[in-house]
Amino acid sequence: MELKFDPQNPKYEFITTGSRAEEVLKILANEKIIAVDVETTDLNPYTGTLLLVQLGTPEISYVFDAREINLCDFPLYKELLENPKYLKILQNAKFDYQFIKLKTGSQIINIFDTMLAEGVLTAGLRGRNAGLKELASTYLGVDMEKATRKTFYGYTGKITEDQLIYSGLDILVLFPIFEEQMKRLQAEKLVNIAKLEFAVTRVVAEMEIRGVYINVDKWKEIIASLQKKRDSYARQLQEAIRPYYNNTQSDLFGNVSDCININSQTQLMDLFNNKLNISVPSTGDAILATIDHPVAKLLRDYRGYEKLISAFGDTLLAKVNKVTGRLHPDFMQLGAATGRFSCSNPNLQQIPRNSEEAPFRQCFTPAPGYKLVVTDYSSMEMRVLADLSGDERLIQAVSDADVHSFTAALMFGKEYSPDFKKKYPDLRQAAKAINFGLMYGMGASSLARQINVTPEVGQEYMDKYFANFPSVRKFLEGYATHAVKFGWSATPAGRKRWYHVPDKTDPDYKKKIAQIGREAKNHPIQGTNADVTKYALVFLHERLKKEGVDGFVTHTVHDEVVCEVRADQAEDWAQIQQYEMVRAGELILKKVPVKSDPFVGDVWEH
DNA sequence: AGAGGTGGTG
DNA sequence: CATGCACCACCTCT
């Protein structure tokens, strides 16, 4: 395509004085679309320094020296970034948003993010987010040099010409990429979903800036008590297996040394298969649970504690930010192929539920003077399935009853009553397994294994289920068929997911087709849940601003949103939070009620 | 460095 | 022949 700049020699101007900055900002104010990028010494906005801010037109990049010029002093700079009449194009806007907000006091409004655009255009086809180098290559055929990027890391010197050329090119490529992506978004009818993602990215940026408070002392106490228990089980296990290993050696400190490394899969397999003569295919918990042997029992106990300590111990505390004293996880808003978030460093979405021994979530508390307002959607995925399939019985079940009890009553020929859960807990559990399993495209044999019945009985349950909910079967099969035929599926809100459909000659053709079928059955359900939660995040952020509430969205876990709000405003806000969550749900769900009960308190639980 | 196993969440 | 979706962290082994 025709470029308005020379990739080898991009036009740029280095702005180092206030007077020139003022002039350039006036020039930029005549533009409708501005490309934005920053260069920093660190990825962390709390510890890094802002070196350069690039604002560009399609022809020229203006590179502001952020160490020389205090951009906070220029009302026009703030105007350009905050006025929605200027469209701002960025690659991974979340990053730039955070530095610009914290270092120059402006919030970017009206964003087009090339990384997110690519994400919605290629959902399911790529493992990770697209880098700018990749976008420039695929859309423009331009090979970008990225080696200069790392020269900014920890940089304290004078900005070099190489660095300026690099910074300049970084935003000039954004315009033609934006134009090409816009065409594709329109062709794929993905404009609305892209707009949703662009609106969400501001919320995510703010969420990460705020972070979550964690009670470090309480966390340490939990870990210490878990370590005690783990070590006790480890010792017992080593003693129990010592007879099988001619091991009476002592280590340097006179302690009897261990027979095996309990964490080693290889050594455990040897222990079970060769020493204990218990043949096991693997050492997973499902297998261990079936083995009636003290070593298996000790290992299961050990594993329970070891897991919690290794995954949620000191490594998590090491991620507490030195400046804020809070955790600032990375939220990737297109982390999953279905449109869901993923989260890392640390992954707040996998903190264990509170339990007697390990009440981890109780350590997540509000800052002094604040409350946590927690809302999650009630049985969201079942409601989505009922609404989208239009199945009358399922709609009735999610609307008027406890859906798992209702389906259990139907399938096992019992009378439904509000106390069904108490009367027939096992039947309800079986129905719940079916309800969840079918949302993942589960087959009869897996179902049978899970609820501990023969494959024949599993098939009977499955048949009976779909006899009761005929539209559900039609709906799910329809998605599977469509995905295989066209190579993609879409949620009602318009979010697409693509599939690598194998060639008929592929030796694994059937297996891969089955896989696509299962993924496609799950996509409208999980994807719609994600769509709804993302609308809710945007609505909540807007309301917090509009109402002038002293509060912030701090995190989200798929169908749950947590806000931290000044204590005296928390109860009123909880009503608004509930209202906006339901409003977001009702944008998509038209046939079933959306439910979301708020919880106001001092710990993260509900 | 990457793969595989295991296990935490929705 | 196998057949439940979506993730991330930690461990060991190669």
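Chain naming here is simple, since letters A, B, ... match the order of the sequence lines and numbering starts at 1 in each. Nothing here was measured: the structure is a model prediction, and the numbers come from that model. Only heavy atoms go into these numbers, but all of them, side chains included; no hydrogens, no water, no symmetry mates.
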message: At less than 3.5 Å, do the side-chain atoms of A/Q350 and the base atoms of C/dC8 form a donor-acceptor pair?
response: yes
message: Between A/R583 and A/E586, does any side-chain N to carboxylate O distance fall below 4.0 Å?
response: no
task: Take atom C1' in B/dT6 and the same atom in C/dC1, then report the distance between them in whole Å.
output: 25 Å
- request: Using a heavy-atom cut-off of under 4.0 Å over every strand shown, decide if A/F436 touches base, sugar-phosphate, or nothing.
  value: base
field: Nearest-neighbour nucleotide for the A/S342 side chain, C/dC7, B/dG8, C/dC10 considered
entry: C/dC7
message: Taking any heavy-atom pair under 4.0 Å as a contact, classify A/Q267: base, sugar-phosphate, or nothing.
response: sugar-phosphate
- line: Side-chain contact check for A/R340: nearest option of B/dG7, C/dC8, C/dA6 is C/dA6
field: Per A/R303 side chain, nearest of listed nucleotides B/dT6, C/dA6, C/dC13
entry: B/dT6
task: For A/K307, report the nucleic acid contact type (base, sugar-phosphate, nothing); a contact means any heavy atom under 4.0 Å.
output: base
- line: Of the candidates C/dC5, B/dG10, C/dC13, the side chain of A/R518 sits closest to C/dC5
- request: Look at the aromatic rings of A/W604 and A/H555 and report parallel, tilted or perpendicular, splitting at 30° and 60°.
  value: perpendicular
statement: Regarding the side chain of A/R361, the nearest nucleotide among B/dG10, C/dC13, C/dC5 is B/dG10
message: Both A/R497 and A/S445 contact DNA chain C. Which one's nearest nucleotide lies toward the 5' end?
response: A/S445
- prompt: Between the side chains of A/T122 and A/R126, does any donor sit under 3.5 Å from an acceptor?
  reply: yes
task: Would you mind telling me which of C/dA6, B/dG8, B/dT9 lies closest to the side-chain atoms of A/R353?
output: B/dT9
Whether A/F341 and A/F331 hold their rings parallel, tilted or perpendicular, with breakpoints at 30° and 60°: perpendicular
task: Determine, for A/Y245 and A/K275, whether the Lys NZ or Arg CZ falls below 6.0 Å from the six-membered ring centre while staying within 45 degrees of the axis.
output: yes
- prompt: Under 4.0 angstrom, heavy atoms only, what part of the nucleic acid is A/D285 near: base, sugar-phosphate, or nothing?
  reply: sugar-phosphate
task: Remember a base hit wins even if backbone is also touched, and classify A/G437 as base, sugar-phosphate or nothing at under 4.0 Å, heavy atoms.
output: base
task: For A/Q526, answer base if it contacts any base atom (sugar-phosphate contacts may also be present), sugar-phosphate if it contacts only those atoms, and nothing otherwise; contact means non-hydrogen atoms under 4.0 Å.
output: base
- request: Could you tell me whether A/N345 contacts a base, only the sugar-phosphate backbone, or nothing, with contacts defined as non-hydrogen atoms closer than 4.0 Å?
  value: sugar-phosphate
message: At 4.0 Å (heavy atoms only), tell me whether A/A514 reaches a base, stays on the sugar-phosphate, or touches nothing.
response: nothing
- prompt: Among the nucleotides C/dC5, C/dT12, C/dT3, which one has an atom lying closest to any side-chain atom of A/E519?
  reply: C/dC5
- request: Classify the nucleic acid contact of A/L438 as base, sugar-phosphate or nothing, counting any heavy atom under 4.0 Å across all strands shown.
  value: nothing
